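Here's the structure we're looking at; comments come further down.
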Number of protein chains: 2
Amino acid sequence: MSDATQIFAIRDFNRFYTARLGLLRQRHLDGEFSLTEARMLYEIWANPRLTASNLRGILGLDRGYISRLLASLTKRKLVRQAVSKADSRERLLSLTPAGEKKMAALNRQSEKQIEEMLQGLSREERERLVTSLGVVRSLLTAQKSSEVQVERLSEVTEEVLDLLQEYYEAVGVMVRDTPESVGEIVNDPDAGVWIATLNGKIVGCAYLHSLPSMPGATECKRLYVKPSARGKGVAHALLDAQEAFARSRGFKRIYLDSKDDLRVAIGLYQRRGFVACERYNDNPQATVFLMKEIAETSTKALRR
Amino acid sequence: MSDATQIFAIRDFNRFYTARLGLLRQRHLDGEFSLTEARMLYEIWANPRLTASNLRGILGLDRGYISRLLASLTKRKLVRQAVSKADSRERLLSLTPAGEKKMAALNRQSEKQIEEMLQGLSREERERLVTSLGVVRSLLTAQKSSEVQVERLSEVTEEVLDLLQEYYEAVGVMVRDTPESVGEIVNDPDAGVWIATLNGKIVGCAYLHSLPSMPGATECKRLYVKPSARGKGVAHALLDAQEAFARSRGFKRIYLDSKDDLRVAIGLYQRRGFVACERYNDNPQATVFLMKEIAETSTKALRR
DNA sequence: CGAAAATAGTTGCTTTAAGCAACTAAGATG
DNA sequence: CATCTTAGTTGCTTAAAGCAACTATTTTCG
């Protein structure tokens, strides 16, 4: 297939898919929210501790406009703005219970729309659809931004402790890591802490530590990316580094747990080849347990 | 994979792809045309004899707004509006030479953007991308709207002659079919004229006639769908019927010719499995020659 | 056939989405 | 401490698009 034909096929698909999704429409299916408002609600819902500036980065809109929309959503009691303790200029955004409810309704609507789209497809055809979309996505995500740097930590710094603290606050756990507790993992030759930097600034972290009760297995924990740095492949870069490390140490499987409402994160894990497994720990917060085989064959399997 | 997981995966893809398209779109605003203007120019370029009402159906915009935009494009000498002979309320839209030129520039721009998107993908990966998009598209197009009805003509009516006339005008050929000339094909047991109706109204037609010089081959000609009925699977329905007929008569291949600037049509043929072949006639207007094997194996081949 | 209904398009007016720029308040820098 | 940067707000403006009332043709149907 010639280049020109390929490009035409892609443009053609874009037009087709755009029409299919009904993008370009202004109002969300609902009527209560503009498309932009709905996107804002979604982002606030999906990203804890988001700020207006983060939203600006994600949505690519004017500061003033975002400020006004947030004011409106706040006045409608759907969004809360809490002044950040760390920086009192920032307002941490979250949904009120009423906002959560609306968001759930929006999600249901959008799910219904997709169900309609799937109407008339057999079970097998649906599988093919999802697989093909996955292929497209992984191909187009492949180009990683080179600004993201990941390294295995060799020394515990204040900055890293701050980031961990942010993670604990985000998940609502009342723990505090000390230089000693982190140092222990950092110095374990079969475990470690990875940090990701974006343009020199630390934006994400993840632990890897072995599971003594399960030989050949290691666990990824405390994977966290700052809201402002999401969607840039930071989590992928961290997991890439951890998988390479785990493979080099002879581990066969990586485990991790999550909560079922963290769907964005779980989707990401699944795209990387993680599959559901049995509960392997007694963390009461965890409701989803995933595992990935990291033996050499796994890459082949992914290609189908 | 559970239903919920599938739906989530699709929503997730939609968000991802929307963001990707958004990046492409943003730049579109750099120049002279708004996104809507560009879409309008595209539709006028791709669909001969379009009217403002057709545009309204395609773009889903307000009549008044479309009228104004068309007036602006006309004033800028990019679009021509010719009063329709058949219905003097309608204005048939077409691009002026200057408009064609702008359209070509827009196309180049958009192709360049997609090239950038493909940057970093190997030849093989690009093939996989296009194939996957094709799978997605064919799965989502599968649900044909049941309102489209296709039948092989048994009697030549005024209505059919009018539609054929519209086709000739659209392609700029000065031919006029008579009841006799059409009747000849209609009564040929190995050929025929198919017509498609949408909600009872005739909206498309196509000839099928054998190629005496090429045994086992038949040719599709005069495939035409009214602008107002495009994008509803009418052409697919016509070709489906013709292929079934051709197969039943023992034909092995269907040929057709086209012009290389009718990219939408050619894209459609390619998605159906037509592949480029040698010039098989001396039609001076034709620049593209396509052929499809319709032996039983062909469906398997399509599935890959 | 001719009156009423439908369709194609135009135009005046209004709403909505979103940007720009100037401003305040709080932090970061040096 | 003075300056520079960042987060967010607010007044003003522009661009995109809808609504509704209007004209000019067709179509329909009693």
Side-chain angles (χ1 to χ4, degrees), chain A residues 22-28 30-40 44 49-75 79-93 158-159 162 199-201 226-229, chain B residues 22 25-26 28-40 44 49-75 79-93 158-159 162 199-201 226-229:
Chain A
L23 259 57
L24 310 158
R25 64 160 190 269
Q26 222 51 228
R27 259 0 247 190
H28 195 269
D30 191 277
E32 183 173 354
F33 302 109
S34 76
L35 195 61
T36 305
E37 283 176 325
R39 290 181 69 199
M40 259 171 66
I44 295 171
R49 301 174 62 83
L50 210 65
T51 67
S53 290
N54 299 158
L55 267 179
R56 183 164 169 264
I58 297 171
L59 303 177
L61 296 170
D62 174 71
R63 296 113 73 61
Y65 188 46
I66 287 183
S67 170
R68 250 179 278 264
L69 284 182
L70 280 175
S72 150
L73 290 173
T74 306
K75 206 164 115 196
V79 167
R80 258 189 309 249
Q81 303 192 31
V83 174
S84 162
K85 273 178 197 162
D87 181 341
S88 66
R89 289 170 307 178
E90 294 183 327
R91 267 103 237 247
L92 303 179
L93 303 171
E158 194 61 36
E159 229 183 343
D162 285 351
N199 305 321
K201 289 198 174 171
K226 284 199 179 194
S228 57
Chain B
R25 193 160 309 144
Q26 235 164 2
H28 217 299
L29 301 170
D30 65 359
E32 168 172 10
F33 304 109
S34 76
L35 177 62
T36 305
E37 282 176 325
R39 289 181 71 205
M40 255 168 74
I44 297 170
R49 300 175 61 82
L50 211 64
T51 67
S53 290
N54 298 159
L55 267 179
R56 183 164 165 264
I58 297 171
L59 303 178
L61 295 170
D62 173 71
R63 297 113 75 59
Y65 187 47
I66 287 183
S67 171
R68 251 180 277 265
L69 285 182
L70 280 175
S72 150
L73 290 173
T74 305
K75 206 165 114 197
V79 167
R80 256 189 311 248
Q81 304 191 32
V83 174
S84 163
K85 273 178 197 163
D87 182 341
S88 66
R89 291 171 305 181
E90 294 183 329
R91 268 101 239 247
L92 303 180
L93 303 172
E158 194 62 37
E159 229 185 342
D162 285 350
N199 304 321
K201 289 197 174 171
K226 282 198 182 197
S228 58

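What's counted below: heavy atoms across the whole structure, side chains too, no hydrogens, waters or symmetry copies. All figures in this text were calculated on a predicted structure; none of them were measured in a lab.
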Quiz item: Is there a side-chain polar atom (N or O) of S53(A) under 4.0 Å from OP1 or OP2 of dG8(D)?
Solution: yes
Quiz item: Applying the side chain to side chain contact (heavy atoms under 4.5 Å, CB included) test to L70(A), which of R91(A), E37(A), Q81(A) qualifies?
Solution: Q81(A)
Practice problem: Please report, rounded to the nearest Å, how far the P atom of dA16(D) is from the CG atom of L35(A). | Solution: 17 Å
Quiz item: Any side-chain N or O of S67(B) less than 4.0 Å from the OP1 or OP2 oxygen of dG9(C)?
Solution: no
Exercise. Using only heavy-atom distances, determine whether the side chains of S84(A) and D87(A) contain a donor-acceptor pair under 3.5 Å.
Key: no
Exercise. Check the distance between dA16(D)'s P and R39(B)'s CZ and give it to me in whole angstrom.
Key: 14 Å
Practice problem: Specify the separation, in whole Å, of atom CE of M40(A) and atom P of dA17(C). | Solution: 12 Å
Quiz prompt | Atom-to-atom span, CZ of R56(A) to P of dA7(D) - whole angstrom | solution = 9 Å
Quiz item: Within the structure, does a side-chain N or O atom of T36(A) lie under 4.0 Å from either OP1 or OP2 of dA17(C)?
Solution: no
Practice problem: Decide yes or no for M40(B) and L55(B): does some side-chain heavy atom of the first lie under 4.5 Å from some side-chain heavy atom of the second? | Solution: yes
Exercise. Using a 4.0 Å heavy-atom cut-off, write out nucleotides 19-30 of chain C from 5' to 3' as B (base contacted by protein), S (sugar-phosphate only) or - (no contact).
Key: BB-----BS---
Exercise. For dT16(C), take OP1 and OP2 only and decide whether either is under 4.0 Å from a side-chain N or O of S34(A).
Key: no
Quiz item: Looking at T51(B), does any N or O in its side chain come under 4.0 Å of the phosphate oxygens OP1/OP2 on dA8(C)?
Solution: no
Self-check item: Separation of atom CG in L59(B) from atom P in dG18(D), rounded to whole Å
Solution: 10 Å
Quiz item: Less than 4.5 Å apart, any side-chain heavy atom of L92(B) and any of L50(B)?
Solution: no
Practice problem: Might you point out which heavy atoms bring R49(B) and P227(B) nearest each other, and give the distance in Å? | Solution: O-CG, 3.7 Å
Quiz item: Nearest-Å distance, CG (L50(A)) to P (dG8(D))?
Solution: 10 Å
Practice problem: Identify the two heavy atoms, one from I58(B) and one from R39(B), that lie closest to each other, and give their separation to 0.1 Å. | Solution: O-NH2, 4.3 Å
Quiz item: Within this structure, what is the CD1-to-P distance between I66(A) and dA7(D), rounded to whole angstrom?
Solution: 12 Å
Quiz item: Between L55(A) (CG) and dA7(D) (P), how many Å, whole number?
Solution: 13 Å
Quiz item: Among all residues two or more places apart in sequence or in another chain, which pass the salt bridge (charged side-chain N to carboxylate O under 4.0 Å, His left out) test with D62(A)?
Solution: none
